[in-house]
Amino acid sequence: VLPDIHSTRLARSADFFSVCYLLNELDNEGCIFSDRRRNAEAMRLVTWLSDGVDAVRQKARRAEGVGSKQALFRDYLLTIQGDTDSQSTRLRRHAILKDLLGGIFERRDSLRLFTAEQRRLIWNSDDKRRCKGCGDQLTWANFTLDHVKAHSRGGKTAISNAALMCRSCNSRKGGRRAA
Ligand SMILES: [Zn+2]
């Protein structure tokens, strides 16, 4: 997700652990990490945070004041100085990173399976009723619905994203995705 993170200060252990922890949490919440544009935006924000924190740290060394625009960087800096692993410090660092990155990624449709109503509508509105993969004739008893844009990549469980498919084509497609 963040391929250039090693060029930023967040590659250090305490920061890096927090970033990994956050990404894992976002993954569990259904976030999708396969969108290049969103990933690039996340990387841009991480770099921005890293550069800002470095600038504030240098100012602090020279005993210069920090402007209100840099409050975020100062707050973050406080979480990586001194006792970086105490629970309250970790939680504050996590909150800052989640504020920064939590809204960027698209989330998977929480519904993975098409409803009975959707199945009926799609079946009734299709007069050919052939598998989109192999072209076999389908029956009401054996057809499945395929996510045209894969669910794991953000495809919605919606009629506009559904195609009729036989069981073997659908499971083959699922297997390819998993591989
Ligand atoms: Zn088929």
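Ligands are counted one by one from 1 in listed order, and the atoms in each one are counted from 1 as well. The first residue in the sequence is number 1, and the count goes up from there. Since the model is a prediction, treat every value here as computed from it, not as a measurement.
- When all heavy atoms of R153 and S34 are compared, the closest pair comes out as NH1-CB, 3.4 Å.
- H94 places no side-chain N or O within donor-acceptor distance of the main-chain N or O of L22, the cut-off being under 3.5 Å.
- In this structure a side-chain-to-backbone donor-acceptor pair under 3.5 Å is present from N124 to R120.
- Using modelled atom types, one side-chain atom of S50 and one backbone atom of R9 make a donor-acceptor pair closer than 3.5 Å.
- Side chains of N142 and T139: a donor on one and an acceptor on the other come within 3.5 Å.
- Around the Zn ion (ligand 1), protein atoms of type N, O or S found under 2.8 Å number 4.
- Here K98 pairs with E25, E29 under the salt bridge (Lys or Arg N to Asp or Glu O under 4.0 Å) rule; sequence neighbours left out.
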